[in-house]
Peer 1: 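Here you go, one structure.
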Amino acid sequence: MTLKECYAALGGDYDEAMGRLRSERLVQKFVLKFLSDGSYDLLCQSMETEDWGEAFRAAHTIKGVCQNLSFTDLGKSSSELCESLRGGHTPEADALAQQVKEDYQRTVQAIQTFEREMGG
């Protein structure tokens with residue numbers, strides 16, 4: 001799997017990421033670093049404990065990382081969740097969190113496959 005194929009699998013925009021970071025080596029470095037980011041775990045924990053402020057911050061962090069890396073699908077769902085949590089919990093937040101979960105899992109799966117196939 002190439003980095004471009006990884007982006008296609010995770011629902012991202014490879015060309016946009018390359019335009020922003022200007023180097024495939026740099027894009028690859030940050031894509032692989034995404035796997036160690038703890039924001040998603042914090043989001044899940046915060047949603048479970050109903051700490052809406054912390055859940056908002058975690059969703060906001062995920063959104064920002066996704067915008068920087070051009071992870072389009074996860075960026076969109078985390079942005080929607082972030083806006084939903086901006087003033088605290090809303091009725092649609094749980095469904096939006098489920099969409100973030102699905103997008104996050106697809107993203108991580110694609111990156112792990114890419115990492116495995118490149119010998120990392």
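What you see is a predicted model, and the numbers here were worked out from it, not measured in a lab. Starting from 1, each residue takes its place in the sequence as its number.
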Peer 1: Can you name the closest pair of heavy atoms from M1 and A110 and give their distance?
Peer 2: SD-O, 3.7 Å
Peer 1: Taking Y14 as the fixed residue, which of E24, K4, E5 is the one that meets the side-chain hydrogen bond (donor to acceptor under 3.5 Å, both in side chains) rule?
Peer 2: E24
Peer 1: Main chain of M18, side chain of R22: is a donor-acceptor contact present, judged purely on distance under 3.5 Å?
Peer 2: no
Peer 1: Quick one: do L69 and V27 satisfy side chain to side chain contact (heavy atoms under 4.5 Å, CB included)? Show the steps, please.
Peer 2: CA-CA 7 Å; L69 293 174; V27 173; 5.6 Å; no
Peer 1: Go through the side-chain N and O atoms of Q98 and E102 and say whether any donor and acceptor fall under 3.5 Å apart.
Peer 2: yes
Peer 1: To the nearest 0.5 Å, tell me how far S77 OG sits from Q99 CD.
Peer 2: 5.5 Å
Peer 1: Do D13 and D15 have side chains that get closer than 4.5 Å, going by heavy atoms?
Peer 2: yes
Peer 1: For residues A93 and L81, report the shortest heavy-atom separation together with the two atoms involved.
Peer 2: O-CD1, 3.5 Å
Peer 1: For the hydrophobic clusters of this structure (ILVMFWY residues joined by side-chain heavy atoms under 4.5 Å, transitively), does one cluster hold both W52 and L96?
Peer 2: yes
Peer 1: Please assess T90 against L85 for the test side chain to side chain contact (heavy atoms under 4.5 Å, CB included), listing each intermediate value before the final yes or no.
Peer 2: CA-CA 7 Å; T90 61; L85 292 169; 5.7 Å; no
Peer 1: Please determine whether side chain to side chain contact (heavy atoms under 4.5 Å, CB included) holds for the pair L35 and V108, giving the CA-CA distance in whole Å, both sets of side-chain angles, and the decisive distance to 0.1 Å.
Peer 2: CA-CA 7 Å; L35 296 175; V108 166; 3.9 Å; yes
Peer 1: Measuring from L10:CG to F71:CZ, what's the distance to the nearest 0.5 Å?
Peer 2: 5.0 Å
Peer 1: For A55 versus L43, what's the shortest heavy-atom pair and its separation?
Peer 2: O-CD1, 3.5 Å
Peer 1: Between K63 and E80, does a side chain to side chain contact (heavy atoms under 4.5 Å, CB included) hold up when you go through it step by step?
Peer 2: CA-CA 9 Å; K63 175 183 88 165; E80 290 171 357; over 6 Å; no
Peer 1: State the OG-CD distance between S79 and Q67, to the nearest 0.5 angstrom.
Peer 2: 6.5 Å
Peer 1: Going by atom types alone, do E16 and S70 pair a side-chain donor with an acceptor below 3.5 Å?
Peer 2: yes
Peer 1: Under a 3.5 Å threshold, yes or no: a donor from one side chain and an acceptor from the other, between S39 and D37?
Peer 2: yes
Peer 1: In terms of heavy-atom contacts, does CD of Q109 have more than 12 from other residues, nucleotides or ligands at under 6.0 Å?
Peer 2: no
Peer 1: Measure the acute angle between the ring planes of Y104 and Y40, then classify it against the limits of 30° and 60° as parallel, tilted or perpendicular.
Peer 2: parallel
Peer 1: Among L32, V31, L26, whose side-chain contact (heavy atoms from CB on, under 4.5 Å) with Q28 holds?
Peer 2: L32
Peer 1: Rounded to the nearest 0.5 Å, what's the gap from CE on M47 to CD on E50? Could you check?
Peer 2: 9.0 Å
Peer 1: What pair of heavy atoms forms the shortest contact from F34 to V65, and how long is it?
Peer 2: CD1-CG1, 3.7 Å
Peer 1: Give the cluster check for L74 versus L42: same hydrophobic cluster or not, with ILVMFWY residues linked at side-chain heavy-atom distances below 4.5 Å.
Peer 2: no
Peer 1: Residues two or more places apart in sequence or in another chain: which of them pass salt bridge (Lys or Arg N to Asp or Glu O under 4.0 Å) with R106?
Peer 2: D73, D103
